[in-house]
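In what follows, a structure is listed as structure tokens, so that the remarks can point back to it.
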Amino acid sequence: MPSASPFYAELDILIIGAGFSGLYSLHTLRPLGLKVKVLEAGSDIGGVWYWNRYPGARVDTSSECYQFSLSSIWKDWHWNEKFPGQSSMHSYFHHVDKTLDLKKDIWLNTRVKSAEWEDCEKKWIIITEDGKVVRTRFFIICAGVNTEPYIPKFDGMETFKGVWHHTARWPRNGLNLTGKRVAVVGTGASGVQVAQEAAACASKLTIFQRTSNPCLPMRQQKINTCAAELEEHRKLKAELYPVMFRRMLQTPGGLAYMSVPQATFSVTPEERRLFYEQLYAMGGVALWLWGYSDALTNRAANDEVYAFWRSKTLSRIKDPKVAEKLAPAVPPNAFGAKRISLEQNFYEIFNQDNVELVDLTEIPIERITESGIVTKDGVEHEIDVLVMATGFDSITGSITSIDIKGKEGISVREKWSKATYTYLGLATSGFPNMFFANGPQAPTGLCNGPTCAELQGDWLADLMKYAQSNQIDYIEARPEAEEAWRQLVVGINSMTLFAESKSWYNGANIPGKPFDPLSFVGGVPFYMEKCKEAAEKNYEGFMLE
Ligand code: N01
């Protein structure tokens, strides 16, 4: 009996995760007067910004967009940088908590181990790693996009006598890299950020790159916070933020800007060059997302942007051999079809004497020893600290890492072992009363996190309201609705260059994971139109009882 457990709770709605999605859902569900709680594995709120504490961890979305749109929160919050660091994000979440009084309904340090559907009661039994049992009618997984660290199994890893950490499991008290011999494996967003910091203080930094990652200049800016400017800023925000947040719902990525309507080859090469120069000078994601409309659908158009980016990047790296590895003539993936990272001085660090690049496509890692990394050419790279910036079992990993058994007794992990099936990227058949936010087959990987957290959070809150007022206690996605959704997701993806890229967007970063589009690439407005359409037809595509 669950009630025999040392800790037992009966809820209406349980939310897993206290990042953007989980906090927003808690806030929007409270007015329904139901018993709602959040379980969070970390010892504090913030989700990805709680876990990622590696040196240099920083948001790569402009701060005005990377926040909740609730005026009660932004009116008294001031960012001090355009791209805030982890500690600013940490303070932001505390401000959110103070404003919305959320923590009283969050159980921290509580990791969910399993969830099982109890058909007779039409409820879920949730069990946590420390033995708590929760029975709940509904269950919303807001466990994050890049949550489950991926650590490759290198031979000899257990023999290493130095210190090693995955970027998302960095020690809470920090780790001093000054004067150390540091290796960074991986050159995604995390690897680039940690490498920039390590290059400034390590005695030797060796960066192991498997696939070159075309990074764009962040062009960080300080935001003045002196009293006079703050007042001016407050006024501007009151005028412009509501417009900006409305505008964000009209763009594919849930950001304030989008691509221009012209196609790449509809303008002269000179015009094109001028436009690329402007976007590059703006910094951030501009050259990636605000360029010509066909940049991610037409290979030749994509090659044009890549060639521009390459010419800019080559000029920053002194050694032509190193430059060719970081910005090769033939791109390994279409530009932007694998997540673009932002950098501050990533390419310049390779001009320093203490920084070395090892190209794993030429010389792979053979094994880890007591004192370092041995590559296939027999060279031992001696190190004190090994940083695994090797990414995550993205998008599905935070769901499949929980042992969730649905009404047929099979787990989500088994159900998605060959391909992912969801309806609207919000639910999956066979798992009644279970929903997810920022999960698979929603805009997730291509959507600004807070924007999608709010859109899906509002949609789910409306569904819960509908269930409450219509005495519905059973909601399950219909198999035929999820089949049709899958066709749509795969169909749109196949019209883009995302279909041929290898990245966490489609599971290609994890050995054995199906190669499958994990994000809906049709853009936020089209996605929301589909969700709205289903809701207006009394939640068409769901069985409601
Ligand atoms: O992970 P990644 P990440 N041997 O998957 C390499 C968000 N984020 O943590 O490309 C050698 O991008 C792998 O190589 P390859 C952001 O959305 C945001 O950096 O697969 N190398 C790759 O280079 C981001 O996209 C922020 O060939 C191996 C790297 O490890 C997402 O999180 C900051 C390997 C993994 O890169 C993930 O970023 C940080 C192996 N066996 C993260 N296995 C900001 O907002 C993997 N690699 C700033």
Side-chain angles (χ1 to χ4, degrees), residues 20 47-49 51-63 65-66 81-86 88-89 144-155 157 165-170 183-197 206-216 218 220 253 284-285 288 326 331-333 336-344 346 357-361 363-368 373 375-376 386-395 397-398 438 444-450 501-511 513 518-519:
F20 275 111
V48 69
W49 299 107
W51 292 104
N52 284 272
R53 293 158 185 268
Y54 58 84
R58 186 170 290 288
V59 181
D60 58 10
T61 302
S62 197
S63 52
C65 298
Y66 198 72
E81 285 178 313
K82 186 169 179 186
F83 298 97
Q86 186 272 338
S88 282
M89 290 309 301
V145 181
N146 286 301
T147 305
E148 275 301 299
Y150 166 60
I151 301 168
K153 290 183 176 50
F154 293 119
D155 282 348
M157 192 70 194
H165 294 286
H166 186 278
T167 43
R169 291 294 179 272
W170 206 256
V184 176
V185 179
T187 52
S190 308
V192 166
Q193 292 187 337
V194 87
Q196 290 173 156
E197 297 298 313
T206 314
I207 298 170
F208 293 84
Q209 169 188 280
R210 192 166 63 178
T211 309
S212 63
N213 172 15
C215 306
L216 286 168
M218 176 176 272
Q220 174 69 297
V285 296
W288 174 26
L326 291 165
N333 289 289
K338 180 170 179 169
R339 175 67 142 73
I340 295 277
S341 310
L342 301 189
E343 54 81 32
Q344 302 196 71
F346 182 61
L357 179 71
V358 176
D359 178 356
L360 296 178
T361 58
I363 319 163
I365 292 174
E366 190 175 87
R367 63 180 192 283
I368 311 285
I373 298 180
T375 40
K376 279 264 165 14
L386 168 55
V387 181
M388 290 290 202
T390 42
F392 301 87
D393 180 358
S394 305
I395 305 184
S398 59
N438 265 320
T444 309
L446 294 154
C447 181
N448 180 33
S501 86
K502 287 197 188 130
S503 79
W504 62 261
Y505 285 167
N506 46 34
N509 65 325
I510 301 295
K513 191 167 174 174
L518 295 175
S519 287

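These values consider heavy atoms only, across backbone and side chains, with no hydrogens, waters or symmetry-generated copies. Just so you know, ligand 1 is whichever comes first in the structure, and atom 1 is the first atom listed for that ligand.
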Checklist entry - Should the pair Arg169 and Trp51 be classed as cation-pi, given the thresholds of under 6.0 Å to the six-membered ring centre and 45° from the axis? => result yes

Next on the checklist: Can you tell me if Phe83 contacts ligand 1 (heavy atom of the residue under 4.0 Å from the ligand)?
Outcome noted: no

Checklist entry - Considering only protein heavy atoms, which is closest to atom 6 (C) of ligand 1, and at what distance to one decimal place? => result Gly186 CA, 3.7 Å

Checklist entry - Can you tell if the side chain of Tyr54 reaches within under 4.5 Å of the side chain of Val387, non-hydrogen atoms only? => result no

Checklist outcome for this item: of all protein heavy atoms, closest to atom 33 (C) of ligand 1 is Tyr54 OH, 3.2 Å

Checklist entry - For ligand 1, which atoms, with element, lie under 4.0 Å from some heavy atom of Val59? => result 45 (O), 48 (C)

Checklist entry - Is a donor on one side and an acceptor on the other found under 3.5 Å between the side chain of Asp155 and the backbone of Ile368? => result no

Checklist entry - Where do Thr211 and Thr187 land on the side-chain contact (heavy atoms from CB on, under 4.5 Å) test, with the steps shown first? => result CA-CA 8 Å; Thr211 309; Thr187 52; 6.0 Å; no

Next on the checklist: Are the side chains of Phe208 and Pro364 in contact, using a 4.5 Å heavy-atom criterion?
Outcome noted: no

Checklist outcome for this item: Only one of Glu81, Gln86, Gln193 passes side chain to side chain donor-acceptor pair (under 3.5 Å) with Arg58, and that residue is Glu81

Item to check | Backbone or side-chain N or O of Ala389 under 3.5 Å from ligand 1 N or O | outcome: yes

Checklist entry - What protein heavy atom sits nearest atom 21 (N) of ligand 1, and how far off is it? => result Val185 CG1, 3.8 Å

Checklist entry - Numbering the atoms of ligand 1 from 1, which are under 4.0 Å from a heavy atom of Phe392? => result 9 (O)

Item to check | Note: Arg339-Asp60 ion pair, threshold 4.0 Å (strictly below) | outcome: yes

Checklist entry - Under 4.0 angstrom from ligand 1, any heavy atom of Phe208? => result no

Item to check | Test item: Trp504 and Asn146 side chains (from C-beta on) under 4.5 Å apart, heavy atoms | outcome: yes

Next on the checklist: Quick one, Val358 and Ile207 - any side-chain contact, counting heavy atoms below 4.5 Å?
Outcome noted: no

Checklist outcome for this item: The answer for which part of Gln193 has a heavy atom under 4.0 Å from ligand 1 is side chain

Next on the checklist: Is the shortest side-chain heavy-atom distance between Met388 and Met157 below 4.5 Å?
Outcome noted: yes

Item to check | For atom 10 (O) of ligand 1, the option (of Arg339, Arg210, Lys338) bearing the nearest heavy atom | outcome: Lys338

Checklist entry - Within less than 4.0 angstrom of ligand 1, does Tyr66 place any heavy atom? => result no

Checklist outcome for this item: of all protein heavy atoms, closest to atom 3 (P) of ligand 1 is Ser190 OG, 3.4 Å

Next on the checklist: I want to know if ligand 1 touches Ala189 in the polar sense, i.e. an N/O pair below 3.5 angstrom.
Outcome noted: yes

Next on the checklist: For atom 23 (O) of ligand 1, what is the closest protein heavy atom, and at what distance to 0.1 Å?
Outcome noted: Thr187 N, 2.9 Å

Item to check | Distance from atom 44 (C) of ligand 1 to nearest protein heavy atom, with residue and atom | outcome: Arg58 O, 3.0 Å

Item to check | Shortest protein heavy-atom distance from atom 12 (O) of ligand 1, along with the residue and atom involved | outcome: Gly188 CA, 3.7 Å

Item to check | Closest protein heavy atom to atom 11 (C) of ligand 1, given as residue, atom name and distance to 0.1 Å | outcome: Leu360 CD1, 3.5 Å

Checklist entry - Which part of Asn146 is near ligand 1, with near meaning a heavy atom under 4.0 Å away: side chain, backbone, both or neither? => result side chain

Item to check | Nitrogen or oxygen atoms of Thr211 and ligand 1 under 3.5 Å apart | outcome: yes

Checklist entry - Does Lys82 offer a backbone N or O that forms a donor-acceptor pair with the side chain of Ser63 under 3.5 Å? => result yes

Item to check | Contact check: Asp60 vs ligand 1, nitrogen or oxygen atoms, below 3.5 angstrom | outcome: yes

Item to check | Residues, nucleotides or ligands: over 12 heavy atoms within 6.0 Å of Lys502 NZ | outcome: no

Checklist outcome for this item: Closest heavy-atom pair, Val184 versus Ala389, reported as atoms and distance to 0.1 Å, is CG1-CB, 4.1 Å

Next on the checklist: Show me which atoms of ligand 1 lie under 4.0 Å from any heavy atom of Tyr150.
Outcome noted: 43 (N)

